[in-house]
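Reading through the structure tokens given below for one structure.
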Amino acid sequence: MIDMAEELNPFKIAQQQLDKAAEVMKLDRQAHQILREPMRTLVLNIPVKMSSGKTQVFTGFRVQYNHARGPTKGGIRFHPQENLDTVKALSAWMTWKCSLADVPFGGAKGGIICDTKLMNERDIELLSRAYIRALGTYIGPDKDIPAPDVYTTPQIMAWMMDEYSNIVRHDAFSTITGKPVEVWGSEGRKDSTAMGGLFVMREAAKMLKINLKNAKIVVQGAGNAGMYAYTLSKKLFGAKVVAISDSKGAIYDPKGLDEKKLMEAKASGNVQKYKGAEKLTNEQLLELKCDILIPAAIENQVRADNADKINTKLLLELANGPVTPEANDILHEKGVLDLPDFLVNSGGVIGSYFEWVQNLSAYYWTTEDFYNKLDTIITKSFRDTMAMRKSYSDKGVKISPRTAAYIIAVDRVAKAMKARGWY
Ligand code: GLU
């Protein structure tokens with residue numbers, strides 16, 4: 001049951017998190033005021049003449065939160081429950097994500113209210129192209145660069161890039177990242193969110209003295225990030241994922257889940273089709289005793305009403321916004337190391353940065369180079385975050401890894417705004 005008193009509006013949560021960091025770091029009041037709201041909010045009314053011949057009108061959003069450090073950057077979600085406040089929150093988190101990783105982007109996010117499970121491929125293409133036409137030149141390689149997110153794919157990115165290229169009358173590969181490799185996407189981009197998260201997992205495990213070979217890992221979500229977290233945990237560290245879930249439910253085998261059987265169940269659209277594992281609900285999965293818990297689905301999964309039942313040493317937020325501020329405090333009190341989303345899942349946008357750089361320069365690196373550079377950047381972000389937390393604890397101020405990461409990210413954006421003369 002959800003605690004009614006708890007704030008679950010993602011944008012209010014994003015503002016609360018910023019306010020907390022602003023207080024600790026004594027952020028300039030004017031900078032704080034600018035950073036509490038997005039710079040530009042676009043709400044789009046998108047008519048699409050569907051393959052049936054009937055016109056359907058969709059609502060789309062694009063929020064460009066802050067561009068002090070560079071063109072805004074962030075994914076596009078296709079979701080039946082999409083709403084403006086969620087997109088605003090996600091665009092704020094993209095701002096902090098790009099800043100913490102120290103890549104030259106601001107933050108943005110987009111979304112369309114739609115259910116792709118009920119649409120055919122042709123209609124998804126028509127909608128994707130219509131969304132880009134509605135945005136027109138509000139996006140572009142040096143303005144705002146979209147990417148995939150929940151229920152959007154490399155194929156959708158290719159259609160969107162093609163549509164934008166039609167508008168500007170030249171091939172604009174660098175305007176969208178997360179594309180298929182055939183149109184100059186990067187080989188490493190598809191698993192870079194999970195890969196980055198696992199580099200952070202490696203560093204945190206070292207710090208907490210968790211031996212990854214014997215560790216029990218639980219993953220919530222079997223989308224792009226969750227599935228790659230599963231396969232890469234085994235491949236990179238020989239680690240055992242004992243449970244995984246999708247929107248329909250979860251499966252658990254203390255001996256570890258078999259890859260072939262899981263892939264088959266996933267391909268059928270329901271992980272519970274896996275034979276020989278215990279079936280659990282998503283709530284039960286989150287409460288399993290484990291060493292590492294990886295929420296890789298959607299927002300507000302660990303809340304005030306279940307945080308106390310979380311039984312892990314390390315919580316890696318691979319989804320955006322999976323832990324509420326109240327839950328974050330409870331976990332912190334319990335001694336769980338809860339590493340924030342905009343650190344843990346920044347591998348996605350770091351990979352996008354590499355794709356954009358390669359598209360702009362038309363010079364392509366090896367996949368090995370891509371992963372090595374990703375490792376360097378995200379490992380530094382982790383260490384910077386831990387060092388910031390320590391610098392406050394040395395002064396007798398206890399802060400969470402999230403607040404430490406906020407302080408680094410917000411300070412960089414505030415300094416860029418100051419240098420540009422915005423306050
Ligand atoms: N959608 C991903 C995220 O939330 C990636 C964004 C991007 O690559 O621009 O971080």
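Quick caveat: nothing in here was measured; it's all calculated off a predicted structure. Order of appearance sets the numbers: ligands from 1, and atoms from 1 within every ligand.
Looking from atom 1 (N) of ligand 1 to the surrounding protein, the closest heavy atom is Asp149 OD2, 2.7 Å. In terms of protein heavy-atom proximity, atom 8 (O) of ligand 1 is closest to Ser352 OG, 2.5 Å.
Atom CD of Gln15 and atom CG of Asp19 lie 7.0 Å apart (nearest 0.5 Å).
Interface atoms of ligand 1 facing Lys109, defined by a heavy-atom separation under 4.0 Å, are 1 (N), 3 (C), 4 (O). Interface atoms of ligand 1 facing Asn320, defined by a heavy-atom separation under 4.0 Å, are 4 (O). Atom numbering of ligand 1 starts at 1 in the shown order; those under 4.0 Å from a heavy atom of Gly74 are 9 (O). Of all atoms in ligand 1, numbered sequentially from 1 with element shown, those under 4.0 Å from a heavy atom of Lys97 are 3 (C), 4 (O), 10 (O). Under a 4.0 Å criterion applied to the non-hydrogen atoms of Ala147, ligand 1 contributes the atoms 7 (C), 8 (O), 9 (O). Atoms of ligand 1 lying under 4.0 Å from any heavy atom of Lys73, numbered from 1 in the order shown and given with element: 7 (C), 8 (O), 9 (O).
Here's the thing with Pro148: one of its N/O atoms is less than 3.5 angstrom from an N/O atom of ligand 1. The shortest N or O to N or O distance between Thr177 and ligand 1 is not below 3.5 Å.
Ring planes of Phe342 and Tyr406: perpendicular class, angle over 60° (limits at 30 and 60°).
Each of Asp329, Leu315, Ile310 was evaluated against Asp338; a single residue qualifies, Leu315, per the side chain to side chain contact (heavy atoms under 4.5 Å, CB included) test.
When every heavy atom of Val219 is checked against every heavy atom of Leu285, the shortest pair comes out as O-CD1, 3.8 Å.
Residue Arg189 places a heavy atom less than 4.0 Å from ligand 1. The closest approach between Gly178 and ligand 1 stays at or above 4.0 Å for every heavy atom of the residue.
Relative to the ring axis of Trp365, Lys373 places its NZ or CZ within 45° and under 6.0 Å from the centre. Cation-pi check for Lys418 over Tyr423 is met; the charged atom lies under 6.0 angstrom from the ring centroid and within 45 degrees of its normal.
Salt bridge annotation for Arg202-Asp375: present, with a cationic side-chain nitrogen under 4.0 angstrom from a carboxylate oxygen.
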Open item on the list: Working note: Trp184 + Tyr364, criterion ring pair (Phe, Tyr, Trp, His ring centres under 6.0 Å); need CA distance, chi angles, decisive distance, verdict.
Closed with: CA-CA 9 Å; Trp184 306 109; Tyr364 290 88; 4.7 Å; yes
